[in-house]
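Could you have a look at this structure, given as structure tokens, before my questions?
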Amino acid sequence: MTISPMPNPLIPGFNPDPSVLRVGDDFYLATSSFEYLPGVPIYHSRDLINWTLISHVATRPGQFQLDGVPTGGSAWAPTIRFHDGVFYVAITDAMGRGTLIFTATDPAGEWSDGIVTNVDGIDPDLVWDEQGNCFITFSGLIMSGPEFGKHLGIQQARIDLTTGQLLEEPRSLWSGTGGMFPEAPHVYHIGDWWYLMIAEGGTERGHSESIARSKSPEGPWEGCPSNPILTARGTARPIQNTGHGDLVLGPDNQWYMIMLGMRTRGMTRAFSSHGRETFITSVDWVDGWPVVAPVHVDETNSHFDFVADFHKVKAGKFPADFSKEFISIRRTPAQVLTPVAGGVQLNGNGLGMDDPAPAFVGRRQRRFDSRVELVAEIEGIGGLTLRYDEQSHYDIEVTPYDIVVRARLYEMTKESRHALPENLKSIFIQCVDPKGGWEAMATSDLVQLGFVNEIGESAILATFDGRYLSAEVTTSFTGRVYGVYCTQGSVTIQKFSETTSND
């Protein structure tokens, strides 16, 4: 077994359902984004190790339907592919427009508005045969009508990519070894064989990858005798939930699988604070079947600091280095931010973080030992939040009269008010390791909220249990996102950063 040293997570922070593509010496990777915009990040690499966020598929209103779509819906499970000079992203806008196909001639540029298909399912994949026929293969989870929620297994049909219409009735394909939720199908032509690789077992602890092969993209399919070829279930591995993978030939002529997984924390490995992230492992081929190495841990890519300094911003002009990593909820950052002299301004819309569409801009949390700090001019009500969704978030909020610290956990809210310091420099949220004892066994981390005065002294106003902002407790498909929000008035962001926590 070849095990190549690779950073893991490959792309840290909430980046689930990865799909990878090689075109010449370039590699492109797309992940799910759910209710956040811009949607469906596109990453680029030349070595499979170092990845740069170069664009998003959804940068304009209307590409995904977000109004009226519940949190956790919208952009599910992209597949990125290339054919005859065109890049394709096939994806499900869950509970929105349906299964869509976006195109671009340059993945770093603008993507199309998206063609609506008549596929009733999720996790679409595209592949072309030698005659140029395009097949769309998908997980047959019915997402509309009276049979909503019924699962038909893995389905496939030929499709017209100019209209999005299926050219035949979908056929049922091999759907795995009997695990629940067969999904995330990918079809490949490698050597003399066509391969159908799927995820099964659910995207939780039972997640796995299985594979079958055929002499035709339509089957019949022969299952691998060693299925599942990848799973962490029943193991003590620090990366759990591994699955939803895609295969790619690396620059070293080594095959790799890129998949989602979760870094679990606590002595019971019960909590995943960052949700589903992107991981990589090596693949060897033995007797025409892939043999997949266990996913190891190397958190090199998780420890880069992020600092956005807006002090030199000029009115009416976003800085050239404005980070593509900024995201907003159901709107793009450009829709909620205004560049003003000395900062970027977020204006309140009367809605707080309990609402599905607050005035918010943020970034995926990437590191465990994280300190998120905000230097801003707050004229009204606003602050910092650590969010999973509108029912699960921790906030530190500045008002004209005081500082409010809040834990919102479904129907429960814990809130305390503190005197507003005269010389407030910044506010922060930091995530720290409990460092032993029962807390280290029972939780993922501790979340501390506080402020810094003008002489650099920190005051922690509250400490909350981090396990309540984990994928397992929130049952969310996303992960922690930290950011700035404004309920009333304005928040002018001067500096915003994620660095190592001061624990």
Per ring pair (Phe, Tyr, Trp, His ring centres under 6.0 Å), F496 is matched among Y482, F310, F322 by Y482

Has R371 got its NZ or CZ under 6.0 Å from the middle of the six-membered ring of F428, at an angle within 45 degrees of the ring axis?
yes

Begin with the C-alpha distance, continue with both residues' side-chain angles, and end with the deciding distance and a verdict on side chain to side chain contact (heavy atoms under 4.5 Å, CB included) for F451 and I460.
-> CA-CA 7 Å; F451 68 88; I460 295 172; over 6 Å; no

Are more than 12 heavy atoms, taken from residues, nucleotides or ligands other than D67, located less than 6.0 Å from that residue's CG atom?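 Result for CG/D67: open.
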
Legend entry - More than 12 heavy atoms of other groups within 6.0 Å of F477 CZ: no

Could you list the donor-acceptor pairs under 3.5 angstrom formed between side-chain atoms of residues 72-80 and any protein atom two or more places apart in sequence or on another chain?
from, atom 1, to, atom 2, distance (Å)
S74, OG, D93, OD1, 3.0
W76, NE1, G72, O, 2.8
T79, OG1, P124, O, 2.8

Test Y468 against Y394 for ring-ring contact (aromatic ring centres under 6.0 Å, His included), laying out the working first.
CA-CA 10 Å; Y468 300 114; Y394 295 157; 7.8 Å; no

- Would you call D445 and R480 a salt bridge, taking side-chain N to carboxylate O under 4.0 Å as the test? yes

Side chains of T492 and Q345, donor plus acceptor under 3.5 Å
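Their side chains do contain a donor-acceptor pair, which is all the 3.5 Å distance test asks for.
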
- prompt: Can R81 be said to sit on top of Y88's aromatic six-ring, NZ or CZ under 6.0 Å from centre and within 45° of the ring axis?
  reply: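 No - R81 does not lie over the ring of Y88 by the 6.0 Å and 45° rule.
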
Pair F27 and Y256, ring centroids less than 6.0 Å apart: no

Checklist entry - Do Y485 and E397 come close enough that some side-chain heavy atom pair is under 4.5 Å? => result yes

Which class fits the ring pair Y28 and F87: parallel under 30°, tilted 30 to 60°, perpendicular over 60°?
perpendicular

Taking the six-membered ring for Trp, are H274 and F368 parallel (under 30°), tilted (30 to 60°) or perpendicular (over 60°)?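 It falls in the perpendicular class, over 60°.
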
* Asked: Does the ring center of F14 lie less than 6.0 Å from the ring center of Y36?
  ->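 Judged by ring-centre distance (under 6.0 Å), F14 and Y36 do meet the cut-off.
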
Review point. Between R406 and E415, is there a side-chain N and carboxylate O pair less than 4.0 Å apart?
Key: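 E415 and R406: salt-bridged.
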
*Any ion pair linking E454 and K425 (charged N to carboxylate O, less than 4.0 Å)?*
no

Report, one line per pair, each donor and acceptor closer than 3.5 Å where one atom sits in a side chain of residues 302-309; sequence neighbours left out.
from, atom 1, to, atom 2, distance (Å)
S302, OG, R263, NH1, 3.4
D305, OD1, R367, NH1, 2.6
D309, OD1, H311, N, 3.0
D309, OD1, H311, ND1, 2.7

Query raised in the report: Hey, are R366 and E325 close enough for a salt bridge, meaning a charged N less than 4.0 Å from a carboxylate O?
Result: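 Yes.
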
- [ ] Answer yes when R60 and E110 have at least one side-chain N-carboxylate O distance shorter than 4.0 Å, and no when they do not.
- [x]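 Here R60 pairs with E110 in a salt bridge, since their nearest N and O are under 4.0 Å apart.
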
